[in-house]
Structures are given as C-alpha cells and as structure tokens.
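Right, one structure below, let's go through it.
Keep in mind it's a predicted model, so treat the numbers as computed, not measured. Numbering of ligands and ligand atoms starts at 1, following listing order.
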Amino acid sequence: MDCAELIRSRESVRSYDPARSLDREVLLRILEAGRLAPSAANRQPWQFIVVEHPETLGKVRACYHREWFHKAPCVLVVTGSRDLAWKRASDGYCSIETDLAIAMDHMILTAENEGVGACWIAAFDPVVLRQALNLPHDTCLFAITPLGYPEAAYSKKGTKTRKPMDEVVTFV
Ligand SMILES: Cc1cc2nc3c(=O)[nH]c(=O)nc-3n(C[C@H](O)[C@H](O)[C@H](O)COP(=O)(O)O)c2cc1C
C-alpha cells in the first residue's frame, strides 16, 4: 500500500480473533519498523516487549479491562528509558515520549500494511502493567497495542472523523 493510502485506511481495531496468531515473520516486520524509527540524537531509547505467553498475557490483560483487548493473541508494550533519551541543554526538555510515539506509529502503520489490527492504548493501569512484566520503576511505560487479526464479522468504518483542513492548517 502506498503511504497516503496506508494513512487513510488505518483505523484503530477493537475486534480480535483469539484463534489467529501472527506469523513470526509478520511480527518481526512490524518490530523492524519500530527499530528503524528516528529518534532525537539517534539515542533509540526504546525497548519493545512482545507479550504472547499465555501466563504473561493473562497478567498483562488485567491492565486494561476491555473484552476486545482480552481477545488479542498478542500485546506489544512500548517502553523506554528517560536516562537514555536526548535532553535539550537549554531547558532540559526530554524527547522520550516523542521518540516512543514515532516508533509506535511506525509499528502501527506497518501492522495496517500487513493486514494486522492494532489499537494504540494509553488508558492502561501502569501499576498493574509494571507488575505484570516485572519492570523497574524508572522504565517509561509509554503505550500498548494489541496485535492480531480482526474477527470475521469485523468491518472498517471507512470514514475518519477529523477536523477540516482549514481549522488545523494556517498558511502565513
Ligand atoms: C495517544 C493515544 C492514546 C490512545 N488511547 C486509547 C485507549 O486507551 N483506548 C482506546 O480504545 N483507544 C485509544 N486510542 C485510539 C484513539 O481513540 C483513536 O486513534 C482515535 O479515536 C481515532 O480513531 P482511528 O485510530 O480509528 O483513526 C489512543 C490513540 C492515541 C494516539
């Protein structure tokens, strides 16, 4: 799919077939897109955690109580290190969230290109997730997404609810 079409067609998927897991190669192509993402000063302050073991999945699912989330065969957790991320000397601005957002978006768009459903989730319980994965307190738990194929009955909305161009763009 070309880039513009990919951006137009991507939708957050909230329907997963628990019986269909991802082939390793497909999963690796999605992760590769995150690995290749740009980051400030090329610090690459990320760690991507693929949760697929049933026992760990059970624990991770408790961080976000939605039936559709619990059906996904795999959850991708995007984490990072504030210490590794670039900081602006003049005011201390830290690029960690920006870097992780770009990696996340690269992976979500690649999932779309592979026909794999994804949904960026920020409203998870970080305490539960940190405990489920046994992550140190200083690991930045940025975002998670289920990865999986939509259920047979699922169909895309096909429309985007977005502000019009003239509301969000200014030419000066
Ligand atoms: C930073 C961010 C956080 C989000 N968190 C959640 C979430 O916790 N739960 C959820 O169901 N969707 C979440 N979404 C998905 C948005 O609701 C969705 O992207 C938006 O409504 C536009 O719909 P679309 O992705 O289908 O184009 C999040 C998206 C972003 C970018």
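Under the 4.0 angstrom criterion, atom 21 (O) of ligand 1 counts as lacking any protein heavy-atom contact.
Proximity of a side-chain donor or acceptor of K71 to a complementary backbone N or O of S15 within less than 3.5 Å is not detected. Under the 3.5 Å distance criterion, the side-chain polar atoms of H70 are matched with a main-chain donor or acceptor of Y64.
Within 6.0 Å of atom CD in E32, more than 12 heavy atoms from other residues, nucleotides or ligands are found, so the atom counts as buried in its surroundings.
Using a 4.0 Å cut-off between heavy atoms, K160 contacts ligand 1 through its side chain alone, with no backbone atom that close. Contacts between A143 and ligand 1, counted as non-hydrogen atom pairs separated by less than 4.0 Å, are absent for every part of the residue.
With respect to the salt-bridge test (charged N to carboxylate O, under 4.0 angstrom), the residues E112 and K156 qualify. Salt bridge present: E52 and R24 bring a charged side-chain N and a carboxylate O closer than 4.0 Å. In summary, K160 and E11 do not engage in a salt bridge, as defined by a charged side-chain N under 4.0 Å from a carboxylate O.
Around atom 5 (N) of ligand 1, the closest heavy atom drawn from S9, P146, A123, A122 belongs to A122. In the candidate list W120, Y64, W68, F142, W120 is nearest to atom 2 (C) of ligand 1, counting heavy atoms.
Of all protein heavy atoms, the one lying nearest to atom 26 (O) of ligand 1 is S12 N, 2.8 Å. For atom 16 (C) of ligand 1, the closest heavy atom belonging to the protein is R14 NH2, 3.9 Å.
Using a 4.0 Å cutoff on heavy atoms, R10 counts as a contact of ligand 1. For the ligand labelled ligand 1, residue R162 lies inside the 4.0 Å heavy-atom shell.
Across all their heavy atoms, R130 and D138 have their closest contact at NH1-N, 4.3 Å.
Contact atoms of ligand 1 toward I121: 5 (N), 6 (C), 7 (C), 8 (O) (distance under 4.0 Å to a heavy atom of the residue). Proximity to E11 (heavy-atom distance under 4.0 Å) selects the following atoms of ligand 1: 26 (O).
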Is there a side chain to side chain donor-acceptor pair (under 3.5 Å) between Q47 and T79 once you walk through the steps? CA-CA 5 Å; Q47 281 288 316; T79 75; 6.0 Å; no

